[in-house]
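Just so you know, these numbers come straight off a predicted model, no measurement behind them. Throughout, a chain's letter reflects where its sequence line sits, starting with A, and its residues are numbered from 1.
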Amino acid sequence: MLKTQLCGIKLKNPLMLAAGVLGSHASSLNWILKSGAGAVVSKSFSKEPNDGYRNPTTVAVEGGIINAIGLSSPGVEAFIDELESVNRIIGKSIASIYGANPEEFAYVAGKVEDLVDIIELNVSCPHAMEGYGASIGQNPELTRNVVKAVKEAVDIPILAKLTPNVTDILEIAVAAEEGGADGLTLINSLGPGMKIDIVTGNPILANKFGGMSGPAIKPIAVRCVYDVYEGTEIPIVGVGGIRNYTDVIEFLYAGASAVQIGTSIMYEGPEIFGRITSDLEDFIEESEFNSISDMVGFAHKE
Amino acid sequence: MLKTQLCGIKLKNPLMLAAGVLGSHASSLNWILKSGAGAVVSKSFSKEPNDGYRNPTTVAVEGGIINAIGLSSPGVEAFIDELESVNRIIGKSIASIYGANPEEFAYVAGKVEDLVDIIELNVSCPHAMEGYGASIGQNPELTRNVVKAVKEAVDIPILAKLTPNVTDILEIAVAAEEGGADGLTLINSLGPGMKIDIVTGNPILANKFGGMSGPAIKPIAVRCVYDVYEGTEIPIVGVGGIRNYTDVIEFLYAGASAVQIGTSIMYEGPEIFGRITSDLEDFIEESEFNSISDMVGFAHKE
Amino acid sequence: MNVPQVIEIKKIIEETPTIKTFIFDWTMVGENIPYPGQFIMVWNFNDEKPMSISYIDVAKGELGITVKKVGKFSENLHSLKEGEKLGLRGPYGNGFDTDLRDIRVLAIGGGVGMAPIAFFTEEALKNKAQVDVVCAAQTKSELLFDKRLEARGANVYTCTDDGSCGFKGFATHRVLELIEHKEYDWAVVCGPEVMMRPLYGSLETHMIDGEYSMERYMKCAIGVCGHCCVDNTGWRICAEGPVFSSDQISEIVEFGKYHRTASGLREYF
Amino acid sequence: MNVPQVIEIKKIIEETPTIKTFIFDWTMVGENIPYPGQFIMVWNFNDEKPMSISYIDVAKGELGITVKKVGKFSENLHSLKEGEKLGLRGPYGNGFDTDLRDIRVLAIGGGVGMAPIAFFTEEALKNKAQVDVVCAAQTKSELLFDKRLEARGANVYTCTDDGSCGFKGFATHRVLELIEHKEYDWAVVCGPEVMMRPLYGSLETHMIDGEYSMERYMKCAIGVCGHCCVDNTGWRICAEGPVFSSDQISEIVEFGKYHRTASGLREYF
Ligand SMILES: Cc1cc2nc3c(=O)[nH]c(=O)nc-3n(C[C@H](O)[C@H](O)[C@H](O)COP(=O)(O)OP(=O)(O)OC[C@H]3O[C@@H](n4cnc5c(N)ncnc54)[C@H](O)[C@@H]3O)c2cc1C
Ligand SMILES: Cc1cc2nc3c(=O)[nH]c(=O)nc-3n(C[C@H](O)[C@H](O)[C@H](O)COP(=O)(O)OP(=O)(O)OC[C@H]3O[C@@H](n4cnc5c(N)ncnc54)[C@H](O)[C@@H]3O)c2cc1C
Ligand SMILES: Cc1cc2nc3c(=O)[nH]c(=O)nc-3n(C[C@H](O)[C@H](O)[C@H](O)COP(=O)(O)O)c2cc1C
Ligand SMILES: Cc1cc2nc3c(=O)[nH]c(=O)nc-3n(C[C@H](O)[C@H](O)[C@H](O)COP(=O)(O)O)c2cc1C
Ligand code: FES
Ligand code: FES
């Protein structure tokens with residue numbers, strides 16, 4: 001009953017694992033698929049290996065966490081081994097990639113194209129090294145160019161994952177659409193934010209600030225999806241703070257065709273996928289909807 | 001022991017009421033002053049009366065609320081009556097004003113200059129009517145012009161209150177500083193955000209989206225203060241999610257000279273000012289600090 | 001709790017030509033269980049306004065509000081049918097003291113002000129108070145909850161502006177007559193402020209303390225916006241109120257004089 | 001709880017030339033009370049790493065960690081004095097089963113792997129288990145907690161690579177000798193994986209089930225980043241681990257073979 005599709009890719013349900021959460025190894029990706037996710041997004045990886053930031057890389061805040069993992073990545077060559085072991089029979093596999101310029105993005109995308117169903121472009125990490133992540137996604141021109149280069153390099157669908165940390169997310173979304181994105185993933189983590197230890201005066205994260213995620217960011221993510229739905233034509237994957245089936249419904253109503261779950265895995269583990277799919281089935285059964293796609297954009301009705 | 005000063009104005013403590021919370025009448029402003037606040041900021045008011053948005057104007061979200069009151073205001077003439085009744089002997093009075101252009105801001109500021117100690121410019125409301133609020137504060141040029149016009153019109157200190165909903169808050173802060181702001185208030189409510197009712201599909205707020213406030217936004221507010229402290233010379237008033245003395249300390253360490261408290265009044269009423277001042281006194285007594293000003297910017301130490 | 005729960009209207013009762021009661025299923029646990037004097041915010045998907053709780057049944061898990069048709073919002077509610085939905089959040093505010101065993105109470109309700117008075121009276125009676133109710137309306141057909149409270153064991157004294165129920169005159173007159181002949185320890189009052197103001201005077205003169213329920217324009221109802229604050233104390237009607245003691249009323253200088261509109265402009269009664 | 005609490009080092013104990021124990025005041029309530037096998041994240045205001053809890057005293061409200069000097073971070077900890085501060089968050093992870101009344105337990109610790117083994121042994125003894133401890137180190141002066149556990153009533157068998165304590169050889173050899181002559185119902189193991197791997201083989205051959213504590217590079221320690229997940233099950237060392245049963249170990253194909261560095265690249269042991 002939860003069957004749906006995204007950019008022509010069939011999904012057994014609209015729930016996906018969000019990038020960077022339990023996504024570094026094929027083993028954890030497979031565990032999430034077995035737990036009921038319709039698709040999994042890998043941790044973002046790059047051409048060359050990268051250690052990421054020193055610890056502390058995460059700290060709790062009200063309603064979630066802030067993190068500055070710093071895009072640690074073993075590099076595409078090593079990650080190919082992982083992607084080859086993802087069980088694509090029980091669910092779909094999405095590679096999240098990052099790079100410093102269109103060429104790097106295109107290179108990495110080309111390397112993994114045959115191993116995954118969709119490629120997600122991380123142009124939105126709020127704590128990436130200078131030149132990476134949000135420094136691309138905060139600029140419509142750079143965003144358009146990265147999307148365009150990857151679009152030209154691969155034949156599978158590509159999602160551009162955007163940052164909410166801009167004056168006008170619709171402007172960036174339109175640029176990504178123009179660049180040829182098949183869909184948009186909204187949103188990457190918020191802020192960034194900071195937490196300071198009151199005894200020593202030290203910002204707790206080694207990187208000082210980090211992206212905020214978890215239930216607290218949901219209202220912002222839902223608004224981003226709502227706004228971008230009105231101004232673009234391509235499908236949207238909603239992400240940010242989902243913890244319950246009601247949160248999933250909010251995102252669908254706002255205009256998302258599918259959703260991703262990240263931080264909430266911290267509260268109850270991969271089982272969250274099974275619980276939400278079953279709650280969602282119950283909801284649809286009792287509702288007047290016949291399918292997930294019926295629900296997409298429902299909040300925009302007159 | 002908590003005595004400090006802001007833009008040359010003496011404060012018995014660094015705690016202020018934030019604009020728009022219990023700030024529409026002299027009576028509630030006086031209640032807050034009696035409860036221990038060092039200063040109170042009025043609800044933002046304008047030249048002409050404005051009803052604001054239809055209800056619902058607030059709804060709870062994880063870690064706070066979203067609101068779209070819509071800058072309701074009885075207009076400056078009526079508000080003068082309120083300001084005249086504020087008890088400026090027990091604490092300082094700050095007028096928050098808004099307008100559509102530099103002239104309106106300057107007009108309203110001139111009208112109330114003699115009745116208050118400081119004027120705060122709301123160029124940052126995330127749910128204002130087109131042309132007001134954040135549509136000014138998201139543009140460095142417009143921000144500079146509004147600040148400049150008010151600076152020329154009045155002789156008392158002026159604070160520019162900025163929105164976090166921009167790609168680079170430092171850029172706007174610098175513009176405000178260039179315009180002649182004596183200080184900066186960071187941050188207005190976040191997002192905006194949206195909450196959708198899952199039964200009917202309606203966005204709950206009548207305005208559909210609204211600014212997010214409360215404990216959940218604190219990490220973002222602290223980071224904004226930290227960043228702007230590094231890039232500007234004028235004092236900063238920190239606001240966003242303060243609920244405890246530890247939150248106040250985080251803001252001081254990040255670089256705020258004073259702080260404002262808004263949404264948390266919902267949890268325990270005006271008594272929050274008395275509780276936090278007393279906790280803050282205890283903290284300083286046991287610490288190596290001798291004054292509030294010793295603590296300002298402590299997180300930037302080497 | 002500060003999010004509207006969308007609930008079907010279970011039952012609609014036509015109380016008078018202009019007043020209807022709407023009954024909803026309501027989860028009766030903890031802070032969700034309302035007490036008399038509290039209100040809920042009612043969202044009709046276009047606007048949201050406060051309504052006093054006029055009825056509860058804890059065992060059945062039911063809650064009722066009673067709405068008078070006076071303007072756009074209340075007219076819309078009156079147009080709804082059973083099975084249609086409204087969003088409810090609350091309960092909000094403080095409530096009347098009902099712990100009044102053996103106390104001789106005079107409960108006074110004017111017009112739809114009888115809504116919280118009816119709920120109060122039922123609770124007070126359960127707590128073994130002796131309750132006389134003054135039920136005031138413009139005309140006989142508009143008398144609200146007089147029969148309901150009589151059936152529960154209260155003495156109900158009605159009065160109407162046009163005398164159609166026997167006693168012709170305002171609640172003030174009815175009350176004056178009563179308190180000159182009967183002893184009361186406590187009064188509970190809800191109605192238009194133009195009615196409550198003189199009543200307050202009379203009750204004070206007769207040294208009858210009590211509680212008064214006030215209305216002010218509400219936006220948030222959760223104590224943040226400050227729109228419902230009253231002069232000169234600054235108390236929030238939605239948090240410190242809507243019910244105030246006689247002593248508190250004496251500090252509310254705007255009581256009976258003015259309130260504020262949506263913009264915050266004062267409007268004199 | 002997932003925020004470092006900055007706490008003064010109350011006491012520092014030099015256990016061996018390369019190992020120190022750090023004692024802190026710790027609020028012992030609810031989920032804050034650690035059990036053996038759990039770890040905390042230690043922040044020295046420059047980096048943050050996992051350390052097993054080696055000691056608690058619930059009555060006194062004390063917790064201890066025991067750190068071996070091996071690199072930059074641990075060297076920095078060793079340079080600290082009593083009264084200086086560290087940030088601690090946790091406890092994290094699952095723990096060893098200590099509910100082992102009358103069970104004959106063989107507890108095996110290699111090097112600083114004795115840290116959780118010591119805490120385990122004390123708890124298991126309190127629960128009336130019979131515990132034999134194999135305490136392995138490179139040389140006699142590096143033997144950790146052998147005296148402490150003997151004093152608590154465990155039989156302690158030491159061994160060192162250089163034979164300086166009598167028995168020359170690895171923990172594996174010591175254990176083989178023991179299990180060929182004595183009956184055990186349960187084993188508990190912590191140490192380098194190059195030690196645990198052959199031990200696991202021997203214990204399986206002798207049909208001795210038990211629990212093994214593993215280490216992997218940790219970033220978040222709260223089960224989100226996925227950096228500590230192991231092949232092929234995907235289990236998180238910080239959440240489903242660090243302690244795994246013999247059956248679980250058989251599913252962890254990388255056990256004793258490889259782990260991952262900060263970037264996520266595999267590094268073979
Ligand atoms: C604590 C409280 C309890 C109430 N209980 C009841 C009740 O039990 N039954 C009942 O019929 N009515 C009750 N009201 C009044 C109700 O909230 C509405 O004001 C009323 O229904 C009129 O709304 P309207 O839009 O139909 O008419 P309108 O013509 O739009 O309004 C008439 C008047 O209602 C007042 N009003 C309008 N909006 C609001 C608002 N958001 N908050 C407060 N007052 C407003 C204004 O004074 C306005 O002039 C209560 C009000 C308060 C504050
Ligand atoms: C669950 C767990 C419990 C531990 N308990 C103890 C203990 O009780 N006592 C003790 O001395 N050590 C313990 N460690 C090891 C400790 O966390 C450090 O790895 C060790 O102190 C080395 O750090 P270093 O920077 O000094 O040396 P380095 O030379 O920087 O590191 C040496 C090796 O330590 C490992 N390491 C480095 N950083 C981390 C990290 N963030 N997470 C995990 N491993 C890392 C790597 O394999 C690295 O190659 C534990 C590790 C884990 C995972
Ligand atoms: C620990 C952590 C690591 C993350 N790493 C990545 C990443 O590598 N690439 C990416 O696009 N997003 C990354 N994100 C962002 C998430 O994919 C997601 O957009 C965000 O956390 C909001 O969703 P949530 O609230 O469900 O976690 C990371 C988030 C967390 C918490
Ligand atoms: C109900 C409400 C109304 C507000 N109205 C105003 C306003 O009129 N002018 C303004 O500058 N900020 C206004 N704000 C923003 C607050 O002043 C403050 O910047 C924000 O809420 C963050 O602080 P907090 O988390 O302590 O509430 C309002 C906030 C709330 C919750
Ligand atoms: S209605 Fe907002 S404070 Fe009462
Ligand atoms: S260290 Fe992040 S999941 Fe275990």
Side-chain angles (χ1 to χ4, degrees), chain A residues 17 20-35 42-43 45-46 48-61 65 67 69-70 72-75 77-79 81-82 85 195 197-202 204-206 213-214 262-270, chain D residues 1-8 41-51 72-73 76 84-90 92 94 216-240 251-254 258-267:
Chain A
L17 175 71
V21 174
L22 267 60
S24 302
H25 315 343
S27 56
S28 49
L29 292 168
N30 285 332
W31 186 21
I32 300 284
L33 285 173
K34 274 183 239 148
S35 303
S42 75
K43 169 85 190 153
F45 58 89
S46 50
E48 305 296 339
N50 171 30
D51 278 355
Y53 296 126
R54 247 182 308 119
N55 280 349
T57 42
T58 50
V59 63
V61 294
I65 58 175
N67 92 78
I69 301 283
S72 60
S73 152
E77 292 305 333
F79 218 91
D81 294 345
E82 303 294 339
S85 302
K195 188 167 178 74
D197 171 54
I198 67 153
V199 178
T200 61
N202 287 299
I204 293 173
L205 297 180
S213 62
T263 304
S264 289
I265 289 172
M266 174 173 91
Y267 303 110
E268 56 182 298
Chain D
M1 207 177 68
N2 297 324
V3 177
Q5 300 301 307
V6 175
I7 312 182
E8 276 185 15
M41 291 298 280
V42 180
W43 178 37
N44 69 349
F45 315 117
N46 177 56
D47 205 338
E48 189 193 40
K49 304 216 176 193
M51 290 291 162
K72 201 172 151 203
F73 180 77
N76 172 264
E84 293 196 80
K85 297 186 179 87
L86 285 169
L88 309 182
R89 64 182 171 101
Y92 293 124
N94 64 357
R216 283 295 176 273
Y217 199 99
M218 285 194 185
K219 298 193 168 186
C220 70
I222 51 176
V224 281
C225 76
H227 205 86
C228 69
C229 292
V230 287
D231 297 342
N232 279 340
T233 59
W235 292 324
R236 300 163 292 184
I237 296 289
C238 70
E240 283 71 46
E251 295 186 62
I252 301 177
V253 299
E254 67 176 68
Y258 61 85
H259 69 147
R260 285 178 168 93
T261 66
S263 73
L265 275 171
R266 292 181 195 190
E267 191 171 71

Where do [X] and [Y] come nearest, in terms of heavy atoms and distance?
X       : Y        : result
A/Leu22 : D/Arg236 : CD1-CD, 3.7 Å
A/Thr58 : D/Lys219 : OG1-O, 4.5 Å
A/Ser28 : D/Cys229 : CB-SG, 3.7 Å
A/Ser27 : D/Val230 : OG-O, 3.4 Å
A/Glu82 : D/Arg260 : OE2-NH2, 2.6 Å

When A/Ala78, A/Pro56, A/Ser72 are compared by non-hydrogen pairs under 4.5 Å with chain D, the top option: A/Pro56
Among the listed options A/Pro270, A/Gly262, A/Ser73, the residue most often paired with chain D at heavy-atom distances under 4.5 Å: A/Ser73
Ion pair D/Arg266/A/Glu77, N-O distance below 4.0 Å: no
Beyond-backbone contact of A/Val59 with D/Asn2, side-chain heavy atoms, under 4.5 angstrom: no
Expected output: side-chain A/Asn55 to main-chain D/Met218 donor-acceptor under 3.5 Å: yes
Most contacts with chain A, counted as non-hydrogen pairs under 4.5 angstrom, among D/Val224, D/Leu265, D/Val253: D/Val224
Closest-packed option against chain A by number of heavy-atom pairs under 4.5 Å, given D/Gly264, D/Pro4, D/Gly226: D/Gly226
Proximal component of D/Gln5, with respect to chain A [non-hydrogen, under 4.5 Å]: neither
